[in-house]
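I have placed the structure first, in the form of C-alpha cells, so that the comments after it can refer back to it.
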Amino acid sequence: MTEAEILKLIAGGENIQVEFTPKFTKAVYDTVCSFSNRDGGCILLGVRDSGEIVGLAPDAAGRMTRDFV
C-alpha cells in the first residue's frame, strides 16, 4: 500500500473495514479477530480516531510480531 493510499484511508475515516488505533494494545487483537470473521479490513496503527497521525513507539513492531506469533 502506498503512502497516498494510506492517507486516503485516513481521510475517509473509520468504518466497518478501517480502524484507527493510536497505540498497540489488546484491542488490536480484538479488531484482527473481528476483521477475520468478516470481509477483512485495515488497521492503521499510530492514528487517532480523529485521523491525526501520531506514530508508534520504536519497539512496537517487534512486540507486535512476537505477540502475534
Side-chain angles (χ1 to χ4, degrees):
M1 184 172 281
T2 67
E3 180 180 346
E5 291 169 326
I6 293 169
L7 292 173
K8 186 176 178 179
L9 282 177
I10 293 170
E14 291 184 298
N15 58 53
I16 198 163
Q17 290 185 307
V18 177
E19 177 74 21
F20 302 158
T21 182
K23 297 179 182 178
F24 183 71
T25 65
K26 181 189 177 301
V28 172
Y29 299 109
D30 296 337
T31 303
V32 169
C33 290
S34 295
F35 282 172
S36 68
N37 288 320
R38 296 194 61 118
D39 295 323
C42 293
I43 302 170
L44 299 176
L45 299 168
V47 180
R48 290 194 172 126
D49 289 343
S50 66
E52 177 187 5
I53 300 169
V54 293
L56 291 175
D59 67 334
R63 283 187 296 122
M64 181 175 62
T65 301
R66 280 190 312 274
D67 292 349
F68 268 110
V69 171

Determine, using the 4.5 Å side-chain heavy-atom cutoff (strictly less than), whether [X] and [Y] are members of one ILVMFWY cluster.
{"X": "L9", "Y": "L7", "answer": "yes"}
{"X": "M64", "Y": "Y29", "answer": "yes"}
{"X": "V28", "Y": "L56", "answer": "yes"}

Is any side-chain heavy atom of I10 less than 4.5 Å from a side-chain heavy atom of I53? yes
Using the test side-chain contact (heavy atoms from CB on, under 4.5 Å), find all partners of [X] that sit at least two apart in sequence or belong to another chain.
{"X": "E5", "result": "M1, T2"}
{"X": "D59", "result": "A57, R63"}
{"X": "S34", "result": "none"}

ring-ring contact (aromatic ring centres under 6.0 Å, His included) partners of residues 33-64, not counting sequence neighbours, each pair once: none
List the atom pairs, donor and acceptor, that lie under 3.5 Å between side-chain atoms in residues 36-43 and the rest of the protein, sequence neighbours left out.
| from | atom 1 | to | atom 2 | distance (Å) |
| --- | --- | --- | --- | --- |
| S36 | OG | V32 | O | 3.4 |
| S36 | OG | C33 | O | 2.8 |
| N37 | ND2 | C33 | O | 3.1 |

Could you list the residues that satisfy ring-ring contact (aromatic ring centres under 6.0 Å, His included) with F20, not counting sequence neighbours? none
Selection residues 48-57 - residue pairs positive for side chain to side chain donor-acceptor pair (under 3.5 Å), sequence neighbours left out: R48-E52
Which pairs with one or both residues in residues 11-24 pass side chain to side chain donor-acceptor pair (under 3.5 Å), sequence neighbours excluded? none
